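What you see is a predicted model, and the numbers here were worked out from it, not measured in a lab.
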Amino acid sequence: MNDLSHLFKPDDARDAGGDFHFLAYPSHILVWTCDGSGACDFVSPSWLEFTGRDMAQEMGRRWLDRVHPDDRMAVTRGLDEAIAGGQPFRLLYRYQRADGTYRWFVNQGMVRPGPSGTPAGYVGQCFDVTAYQDGEAELEHAAQRMISLLHQTRLIGVVLDTKGRVMYSNGGLCHLLGASGSALMNCRLFERYLAPGGRGLLDSIYPDGGTHAQFVSEFEAEMLGGDGEARLVLWHAIVLHEYSGKVRGTILIGDDLTEARRMEQQLVLTASVFESTSQAIVVTDASARILAVNQAFSELTGYPREEAIGLNPRVLKSGRHDQAFYEQMWKSIHDTGHWRGDVWDRRKDGSVYPKFLSISAIRNEQGEVTNYAGIFYEISERKAVEERLDFLAHYDTLTGLPNRCLLLDRLKLSVQRALRDGTKVGLLYLDLDHFKQINDTYGHAAGDTLLKEAALRMQGCVRGADTVARLGGDEFVVMLPDIKKLAAAAQVAQKIQAAMAPAYEIDGHAMLAPPSIGISIYPDDHHEVEVLLKQADAAMYDAKHGHDGGYRFYHELGRAPDTVRDKEP
């Protein structure tokens with residue numbers, strides 16, 4: 001969020017109508033303020049010019065009546081939460097102008113200080129992002145869902161921009177670092193809070209010297225807490241991409257391993273240690289036969305102490321890990337004396353659950369291994385959060401289909417396999433004819449229903465190895481790996497056209513939305529995946545506007561390999 005604090009003097013909140021005239025420019029930025037109840041008490045002239053209404057019509061809480069009905073609840077909730085917590089907010093919604101049309105707004109706001117320094121309301125600025133609604137708005141909604149998910153979890157959560165600066169932090173991170181959310185905003189998290197001795201990690205995050213932050217999917221870092229004590233955190237990173245595929249930022253979710261690591265280091269065979277921790281502990285002899293477990297072990301696994309003694313921990317194996325996984329685990333234990341990571345295990349009742357497990361080898365004075373000690377705890381919540389975040393990052397939330405990012409990943413793998421096996425990869429780029437007219441006539445809800453039904457029809461026309469993806473709006477791509485002849489792509493295109501030709505029955509209306517299809521082939525048309533995608537798009541455009549629908553191969557266009565159409569605005 002842009003920092004608006006420089007716009008205020010201590011007394012700015014007293015006369016909003018007279019003190020904010022300088023916020024009217026530039027004209028593409030729409031500025032408004034609200035009091036502590038969320039009632040609007042000022043809008044800039046640029047706002048009035050944009051909406052076509054006068055000042056009185058925008059005042060009070062009546063401004064919420066102009067928010068699209070489908071977005072009003074989320075906007076009200078987001079604003080109320082920001083006011084209650086004294087935090088900045090960023091909202092995406094549709095706002096109605098005087099002519100009845102709706103425009104997409106990104107609305108950013110921050111606390112508006114009163115004369116005594118206490119919050120007196122909010123000042124916000126809005127940007128019209130309607131031009132990006134088909135693709136970027138869906139990404140913005142997905143990002144908002146991710147942030148909502150991080151807000152609800154007890155785990156440490158933070159969203160960083162491409163430079164590693166904090167864009168959002170939840171209560172877990174604030175508690176860990178002893179800092180407020182506003183204090184963390186825009187700071188370079190690891191440059192400011194990494195404990196001494198973390199230079200190597202910092203160099204790996206900023207390999208280019210500090211310009212762009214890069215994170216591996218999982219790493220450990222010692223962070224300086226508010227009390228000056230180093231806290232060990234296991235971070236899990238999920239990269240966010242824009243519609244174009246460009247990296248947008250990174251979501252980090254973390255587990256505070258400080259206590260678990262201390263337990264590893266101090267673990268001894270005493271009842272006080274065993275029974276004072278809520279984490280499960282198991283100790284075996286050198287042959288991996290269980291000698292002792294604590295009560296937490298029995299509660300988590302379902303094996304009473306008396307039954308567990310003498311067993312091998314392999315009775316907990318879920319079957320989800322292959323032999324190579326366990327060979328690598330024991331290699332680490334033998335080489336370093338330790339192993340830690342996520343494991344899927346099975347309880348006595350047969351139910352499978354994820355856990356974080358740390359195993360240490362205990363040696364005698366001669367250096368011989370006498371025992372193995374393991375400490376673990378269930379991580380079902382963390383896994384659920386990771387899976388949900390991964391879905392939001394790689395799948396279209398409306399149809400459940402892979403998004404552009406996941407499609408490109410799969411396309412690159414398919415091209416590599418085709419190069420090795422001497423096969424081809426087909427790309428079918430689809431656009432639904434008349435969709436804009438349907439959307440404008442029957443509304444977004446009907447349009448969304450049609451898109452979901454169209455996705456189901458397409459999925460019914462392909463093999464299990466094929467991929468149907470949604471790029472945004474009414475544009476889809478079908479990837480056909482491991483084909484040998486161009487005819488295979490043509491057959492699928494014909495099958496899709498036949499499946500999508502019948503009318504869609506939605507809310508009592510029959511709606512026709514046949515597809516126009518463009519086809520490009522690897523390696524016949526090109527070797528680079530991005531170019532193949534653009535070629536299929538160009539062929540679709542030709543089929544749609546030059547040949548009244550149907551399907552069209554790119555090589556039939558008679559153009560140079562890199563010739564593609566410009567995107568319509």
Side-chain angles (χ1 to χ4, degrees), residues 135 207-208 212 214 239-248 393-396 401-431 458-459 461-473 475-497 515-547 550-568:
D208 58 355
H212 293 90
Q214 299 179 20
V239 178
L240 296 174
H241 293 82
E242 294 180 348
Y243 178 71
S244 64
K246 180 182 177 181
V247 174
R248 181 183 188 183
H394 295 95
Y395 289 86
D396 172 52
L401 295 176
N403 61 15
R404 181 186 182 91
C405 176
L406 185 54
L407 169 69
L408 290 175
D409 286 344
R410 292 184 178 179
L411 180 55
K412 291 174 184 176
L413 292 175
S414 297
V415 164
Q416 292 173 2
R417 187 166 59 249
L419 178 63
R420 183 189 65 231
D421 299 339
T423 57
K424 303 178 184 292
V425 180
L427 273 186
L428 280 62
Y429 201 114
L430 290 82
D431 179 273
M458 281 182 264
Q459 288 177 297
C461 298
V462 299
R463 307 166 298 176
D466 302 333
T467 293
V468 180
R470 181 185 177 214
L471 300 188
E475 294 187 338
F476 298 82
V477 169
V478 177
M479 183 188 73
L480 308 174
D482 302 321
I483 61 174
K484 297 182 179 179
K485 298 180 179 180
L486 303 186
Q491 290 171 358
V492 174
Q494 293 166 3
K495 189 174 181 181
I496 291 175
Q497 286 183 319
S516 295
I517 304 175
I519 306 173
S520 64
I521 302 294
Y522 171 87
D524 303 49
D525 294 321
H526 211 276
H527 288 74
E528 296 183 13
V529 296
E530 288 283 2
V531 176
L532 287 167
L533 197 60
K534 291 179 180 179
Q535 291 174 336
D537 182 17
M540 179 276 294
Y541 185 80
D542 187 81
K544 187 179 187 71
H545 295 279
H547 295 77
Y551 68 90
R552 187 77 167 160
F553 279 94
Y554 178 77
H555 68 260
E556 297 174 338
L557 305 187
R559 301 173 180 175
D562 292 331
T563 302
V564 298
R565 73 176 176 96
D566 292 330
K567 281 285 186 180
E568 294 178 292

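- Across every non-hydrogen atom of I483 and G426, the tightest pair is CD1-N, 3.7 Å.
- Between T467 and L411 there is no side-chain heavy-atom pair separated by less than 4.5 Å.
- Going from atom CG of L471 over to atom CG of L407 covers 6.5 Å, rounded to the nearest 0.5 Å.
- Side-chain atoms of R463 and P481, non-hydrogen and from C-beta on, do get closer than 4.5 Å to each other.
- At least one side-chain heavy atom of Y522 sits less than 4.5 Å from a side-chain heavy atom of H527.
- To the nearest 0.5 Å, the span separating CG on D482 from OG1 on T423 amounts to 4.5 Å.
- Taking 4.5 Å as the limit, some side-chain heavy atom of H555 sits within range of a side-chain heavy atom of L486.
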Determine, step by step, whether I521 and I519 satisfy the side chain to side chain contact (heavy atoms under 4.5 Å, CB included) criterion, reporting the C-alpha distance in whole Å, the side-chain angles of both residues, the deciding distance to 0.1 Å, and the verdict. CA-CA 7 Å; I521 302 294; I519 306 173; 3.9 Å; yes
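- Under the 4.5 Å side-chain criterion, counting only non-hydrogen atoms from C-beta, Y395 is not in contact with N403.
- Of all heavy-atom pairs between A489 and L480, the closest is CA-CD1, 3.8 Å.
- Nearest heavy atoms, P515 versus L430: CB-CD2, 4.0 Å.
- If you take CD1 on I496 and CD on Q459, they are separated by 11.0 Å, rounding to the nearest 0.5 Å.
- Put simply, the residue from D431, D542, D537 that forms a salt bridge (charged side-chain N to carboxylate O under 4.0 Å, His left out) with R552 is D542.
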Would you sort out whether L419 and Q416 count as a side chain to side chain contact (heavy atoms under 4.5 Å, CB included), showing the intermediate values? CA-CA 5 Å; L419 178 63; Q416 292 173 2; 5.8 Å; no
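- Between atom CE of residue M540 and atom CD of residue E475 there is a gap of 5.0 Å, rounded to the nearest 0.5 Å.
- By the 30° and 60° cut-offs, the orientation of the rings of F553 relative to Y551 is perpendicular.
- Scanning both residues, S520 and D525, for their nearest heavy atoms gives CA-OD2, 3.2 Å.
- If you take NZ on K412 and CD on E528, they are separated by 11.0 Å, rounding to the nearest 0.5 Å.
- Counting all heavy atoms, side chain and backbone alike, K484 lies closest to K424 at O-CE, 3.5 Å.
- Side chain of Q497 to main chain of G550: a donor-acceptor pair is present (N/O by atom type, distance under 3.5 Å, no hydrogens or angles).
- Using a 4.5 Å cut-off on side-chain heavy atoms (C-beta onward), L532 and M479 make no contact.
- A 4.5 Å side-chain heavy-atom check between L533 and L408 finds at least one atom pair inside the cut-off.
- When side chains are defined from C-beta on, L557 does not count as touching Q535, because their heavy atoms never get closer than 4.5 Å.
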